[in-house]
Amino acid sequence: MTVSPHTPFTATVLGLPRVGPNRELKRATESYWSGEVDAGQLHAVARDLRAAQYAQLLAAGLDSVPVGTFSYYDQMLDAAALLGALPERVAHITDPLDRYFTAARGDDTVEPLEMTKWFDTNYHYLVPEIGPHTVFSLHPANLLEQVAEARALDVPARPVVIGPVTFLKLAKAEDGAPLDRLAELVPLYRELLRLLAAAGVSWVQLDEPVLVTDLTAEEIELTRGVYTELSESADRPALLVATYFGTPGAALPALAATGVEGIALDACGDLSVVAGVPALAKKLLVAGVVDGRNVWRTDLDHALTILATLLGSAASIAVSSSCSLLHVPYTLAAETQLDPALRSWLAFGAEKLAEIRLLATAMTSGTEAIAAELARARAAAQSRRADPRLSDEQVRARLRALGPDAITRAPADQRRVLQAERLRLPILPTTTIGSYPQTPAIRLARAALRKGEIDEAEYDSRMRAEIAEVIALQENLGIDVLVHGEPERNDMVQYFAEQLDGFATIEQGWVQSYGTRCVRPPILFGDVTRRAPMTVDWITYAQGLTDKPVKGMLTGPVTILAWSFVRDDQPLADSAAQVALAIRDETVDLQNAGIRVIQVDEPALRELLPLRAADQPAYLDWSVRAFRLATCGVSDSTQIHTHLCYSEFGEVIDAIAGLDADVTSIEAARSHMEVLDDLDAAGFRLGVGPGVYDIHSPRVPSVEEITAALRAALKAVPAERLWVNPDCGLKTRGPAEVEASLRNMVTAAHTLR
Ligand code: GLN
Ligand code: ZN
């Protein structure tokens, strides 16, 4: 075995954002898809973005720079392409870039890869499919090109590749467990290491975030085996195995027992495991003391204390981000509207680079070398602690005063009777999930308002016209419980964040959610209060147009937190309770304004579930409480609905029943209603609306198809509890297909009645 000459580095990040500070890559990619630019132009945009980023990293003083975390779509898809594991159904596409994009997005004839959440972040990756036909083979050209490009720019390049254990654990296998295929991957990784050594690389990073999740003893043993083999490869660079999104448990000593030269740890969480791993003493420990996935300025004093503790456990220490900077916006500099105090408490990507450099300097030259910056950081922390917006005694007192009755309603059976009397709905009532198509007219109106071309009054009247149309459409279709269509909402979280004290919204801070889709998560920085009713005018306007019940439509506390950057100075459960209280006030106002049905959406309930089983019960407890706090303030005759965007409930199935919503709509069209049996087995006895058709495709479902879905549902749910609805909101669909689909849905319900 020969390891390339390497010295420990001192300052780095684990990975980088790639959409571009102004979403340049998004625009170029979408133009490529629509044929406006060719592959050469797309590659040029990507190259320029990387070059600018490398220059920034060098200027920031990093002495090791991740290369290859750039991606045209997703890093797991890149790994699949690297390892020859793209699905067979795209193999006929000869152009590699088009093959890659088709695997990601599908086309008229090809189903895309499934997409799912990257650990507990809001990033979504594409799930590699490993089948009997998968014959792994190495395709390193793209990575080698990026390495050559970086080296030509004098960048101390550290190529980053998803590690074999994580790659397979996150893949899905048609047959057996994907990890069974580990032995086939090892020779490919060995060959890749050889090629990278030959390209002059001294360190390679293999990402193994899966090591922070619950692994079986056998999986840990496999991990040890793989890294033992890889570290015994001939002619390789030094190996850094990166773990993040938590600290590994028993996987850490196993990994440390192998010959890898470096291990990256998320140092923002619990590090107690480190002390028990003497084998770390021979390694470079890359300490992620700067939070890579939240936006708060680092407490430099605290970080230095952590670094000092780790110093004794490792041969050397490098300062780093806790995970890739993919999960935070590029730079605070782009935000012009932020409150100055709040700004001083924050660090986005660029500011985190500066913090890393400072901490590394303190490590090598002592804290005096950064005395001025330390003082500034302390002052910012002090101003944050002292800011009155962080502690609203009124809200806190209200929460303290709440007794157990604040989160309980009368038994479901009693509520059912009261609501039936009040609502007088037919059996198998029909409804929709909330949004109707966001038409170009709606988007234009919103843009015009933003640019000041129209005033609030004009905007309002345009939105009202949209609402009137949606109400008329639903009456015409014969739907039983109507919605206003949500035309006035840009986004189901930002819309509320803009109206709640304690939240700030950002302008330019785009973060990749998947592919070319980016989001700007609001920042929850203070105690939450509702300045005024947020939705009552819109909903009562809609209700005024019809005798049928119109559903009030709110986003639940867990989802609002899941899609925001959250406070790090208090438990999430406390923040959830405050948001819940604001939503609760809104439900009461809606009810007092005559609204009889209120839906509180919690599509993200499962997303926030902690990665480790041991942490899950506490989360499920507070998240269910928060939902109940938000929804139990109304009278028993007000019907509470909730919507969850998925059907694989798994660990959260008991929590779904715990929400105690009168009606729960879920996705079920794609899983053929099997989920209903699971719900039944979990003792769920409330109303349920399993989506009877899939809104994720433009297809119009036939009456027969919907009838069949309903008949299947009736096998598991008695008719008195069954609702008829699509499986999600309709905002991404076209008006014509929506009308046709809903017409068929209503006909199917009528037929069965
Ligand atoms: N009420 C929202 C809508 O219909 C729910 C969206 C969601 O579940 N993500 O769009
Ligand atoms: Zn949904």
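Computed from a predicted structure; not experimentally measured. Each residue takes its place number in the sequence, starting with 1. Atoms within each ligand, like the ligands themselves, are counted from 1 in listed order.
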Within ligand 1, which atoms have a heavy atom of M492 less than 4.0 Å away?
6 (C), 7 (C), 9 (N)
Flag yes if more than 12 heavy atoms outside E648 fall under 6.0 Å of its CD atom; otherwise flag no.
no
Find all atoms of ligand 1 within a distance of less than 4.0 Å from any non-hydrogen atom belonging to G729, and give their numbers and elements.
3 (C), 4 (O), 10 (O)
Please write down residue, atom name and distance for the protein heavy atom closest to atom 3 (C) of ligand 1.
S435 OG, 3.3 Å
Contact atoms of ligand 1, heavy-atom distance to K731 under 4.0 Å
10 (O)
Counting the benzene-type ring for Trp, do H327 and F245 have ring centres under 6.0 Å apart?
yes
By number and element, which atoms of ligand 1 are closer than 4.0 Å to a non-hydrogen atom of C645?
7 (C), 8 (O), 9 (N)
Would you say ligand 1 has an N or O under 3.5 Å from any N or O of W563?
no
For the Zn ion (ligand 2), check which protein N, O or S atoms are under 2.8 Å away and list them.
H643 NE2, C645 SG, C728 SG
Find all atoms of ligand 1 within a distance of less than 4.0 Å from any non-hydrogen atom belonging to G434, and give their numbers and elements.
4 (O)
Side-chain (R628) to main-chain (L659) donor-acceptor, under 3.5 angstrom:
no
Provide the number and element of each atom of ligand 1 under 4.0 Å from a heavy atom of E486.
1 (N), 2 (C), 3 (C), 4 (O), 10 (O)
Above 12 or not: heavy atoms from other molecules or residues under 6.0 Å from CZ of R530?
yes
Which atoms of ligand 1 have any heavy atom of I433 under 4.0 Å away?
1 (N), 4 (O)
Any N or O on D601 sitting closer than 3.5 Å to an N or O of ligand 1?
yes
Determine, for R685 against D660, whether the closest basic-nitrogen to carboxylate-oxygen distance falls under 4.0 angstrom.
no
Please determine whether the number of non-hydrogen atoms from other residues, nucleotides or ligands lying under 6.0 Å from atom CZ of R711 exceeds 12.
no
Below 30° counts as parallel, above 60° as perpendicular, anything between as tilted: where do the rings of W723 and H641 land?
perpendicular
Can the positive tip of R606 be found less than 6.0 Å from the middle of the six-membered ring of Y646, inside 45° of the ring normal?
yes
Keeping the roles fixed (side chain from N725, backbone from T431), state whether a donor-acceptor pair exists under 3.5 Å.
no
Min side-chain heavy-atom separation S513-V519 under 4.5 Å
yes
Neighbour count above 12 (heavy atom, 6.0 Å) for E111 CD:
no
